[in-house]
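Shown next, in structure tokens, is the structure this report addresses.
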Amino acid sequence: NKKSDQAPGSQGQGPAATYATPTPDQLYQLVAPIALFPDNLLAQVLAGSTYPDQVTAANNWIKQNSSLKGQQLMQTVDQQPWDASVKGLTQFPDVLNQLATNLSWTSALGDAYFNVPQDVMNAVQVMRQRSYQSGNLKSNQQQSVSVQNQAPGAAPAPASSGEAQSTVVVQPPPQTIVIQSAQPDVVYVPSYNPTVVYGAPVAPYPG
């Protein structure tokens with residue numbers, strides 16, 4: 001008998017057993033448009049993607065209140081009933097619009113981050129490695145890119161049985177790439193083409 005207390009997959013809050021974990025390639029597609037964002041912005045985008053309805057509402061609200069800027073904007077946004085991550089994204093209207101106008105992608109990203117957050121973060125690192133190795137990810141005046149070796153044993157060892165499939169789909173690379181804005185009080189939003197910046201072509205997420 002199925003549990004009746006929660007519809008499978010409802011709002012991404014269903015039991016974990018009902019969530020079909022994406023393949024590594026699907027995860028790479030999902031994170032490709034945002035993997036090169038600085039870490040603090042990436043964290044907001046991932047958290048915000050779990051609230052697609054609020055993302056849409058916030059994007060519409062920003063367009064209707066385009067005259068609000070700076071401190072006035074922050075104070076007015078703070079009165080809205082949205083999650084803190086969505087409120088934070090109102091400071092980045094282009095990013096918010098990117099999420100709101102690609103809701104099938106945003107919802108899939110949010111579902112993945114809610115259900116398999118470690119896979120999502122590992123996929124981000126895989127894509128950063130690809131971009132770094134192809135020469136497209138480097139420090140400049142806007143951003144600081146640092147490569148850190150993981151401590152030995154930090155990466156979980158692959159299980160010998162089929163158990164690995166039920167735990168981590170994407171294994172973390174041996175190195176972690178950290179992206180930070182060069183100026184502490186300015187968050188740099190890079191603009192890049194996710195189908196070419198990683199060396200080998202990455203198919204865009206459907207829709």
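Thr23 and Asp25 are not linked by any side-chain donor-acceptor pair at a separation below 3.5 angstrom, with hydrogens and angles left out of the test. One side chain, Asn122 or Gln118, offers a donor N or O that lies under 3.5 Å from an acceptor on the other.
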Practice prompt. Begin from the C-alpha positions of Ser134 and Asn136 and carry the test side chain to side chain donor-acceptor pair (under 3.5 Å) through to its verdict.
Written response: CA-CA 6 Å; Ser134 63; Asn136 294 318; 3.2 Å; yes

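You'll find the side chain of Phe37 reaches within 4.5 Å of the side chain of Val95, heavy atoms only. For the pair Ile62/Leu73, a side-chain contact is recorded, criterion being any heavy-atom separation below 4.5 Å from C-beta on.
In this structure a side-chain-to-backbone donor-acceptor pair under 3.5 Å is missing from Ser107 to Ser104. Proximity of a side-chain donor or acceptor of Ser131 to a complementary backbone N or O of Arg128 within less than 3.5 Å is not detected. In terms of modelled atom types and a separation under 3.5 Å, the side chain of Ser181 and the main chain of Val186 share a donor-acceptor contact. With hydrogens and angles ignored, the 3.5 Å screen pairs a side-chain donor or acceptor of Gln29 with a backbone N or O of Ala203. Not one N or O on the side chain of Gln80 forms a donor-acceptor pair closer than 3.5 Å with the backbone of Lys87. Of the possible donor and acceptor atoms, none in the side chain of Gln129 sits under 3.5 Å from a partner among the backbone N and O of Pro173. In this structure, the side chain of Tyr28 does not engage the main chain of Val124 through any donor-acceptor pair within 3.5 Å. Not a single donor-acceptor pair under 3.5 Å links the side chain of Thr106 to the backbone N or O of Pro52. In this structure, Gln180 contributes its side chain and Val145 its backbone to no donor-acceptor pair below 3.5 Å.
Residues Ala108 and Leu30 share a closest heavy-atom pair of CB-CD2, 3.7 Å. Among all heavy-atom pairs drawn from Tyr198 and Arg130, the shortest one is O-CB, 3.6 Å. Taking both residues in full, the closest heavy atoms of Tyr192 and Val197 are given as CD1-CG1, 3.5 Å, listed atom of the first, atom of the second, then distance. Nearest heavy-atom pair, Ile177 versus Tyr132, reported as atom, atom and distance to 0.1 Å: CD1-CB, 3.7 Å. The two residues Tyr19 and Ala112 have their closest heavy-atom pair at OH-CA, 3.1 Å. When all heavy atoms of Gln175 and Gln125 are compared, the pair lying nearest together is O-OE1, 4.0 Å.
Criterion: ILVMFWY side-chain heavy atoms under 4.5 Å apart, direct or through other members. Under it, Leu103 and Val120 are not part of a common hydrophobic cluster. When the side chains of ILVMFWY residues are joined at heavy-atom separations under 4.5 Å, either directly or via intervening members, Trp61 and Tyr51 end up in a single hydrophobic cluster. Leu46 and Val189 end up in the same hydrophobic cluster when Ile, Leu, Val, Met, Phe, Trp and Tyr side chains are linked at under 4.5 Å. Tracing side-chain contacts under 4.5 Å through hydrophobic residues (I, L, V, M, F, W, Y), one reaches Val126 starting from Val147; they form part of the same cluster. No continuous path of ILVMFWY side-chain contacts below 4.5 Å connects Met74 to Val187, so the two sit in separate hydrophobic clusters.
Exactly one residue among Val168, Asn115, Asp119 makes a side chain to side chain contact (heavy atoms under 4.5 Å, CB included) with Thr21. That residue is Asp119.
Sorted by first and then second residue, the side-chain hydrogen bond (donor to acceptor under 3.5 Å, both in side chains) pairs involving residues 90-100 (not counting sequence neighbours) are Asn59-Asn97, Lys63-Asn97.
In this structure, Leu36 CG and Leu42 CG are separated by 9.5 Å, a value rounded to the nearest 0.5 Å. Interatomic distance, Trp105 CH2 to Ser49 OG, rounded to the nearest 0.5 Å: 8.0 Å.
Summarising the local packing, CD of Gln148 is surrounded by more than 12 heavy atoms from other residues, nucleotides or ligands at distances under 6.0 Å.
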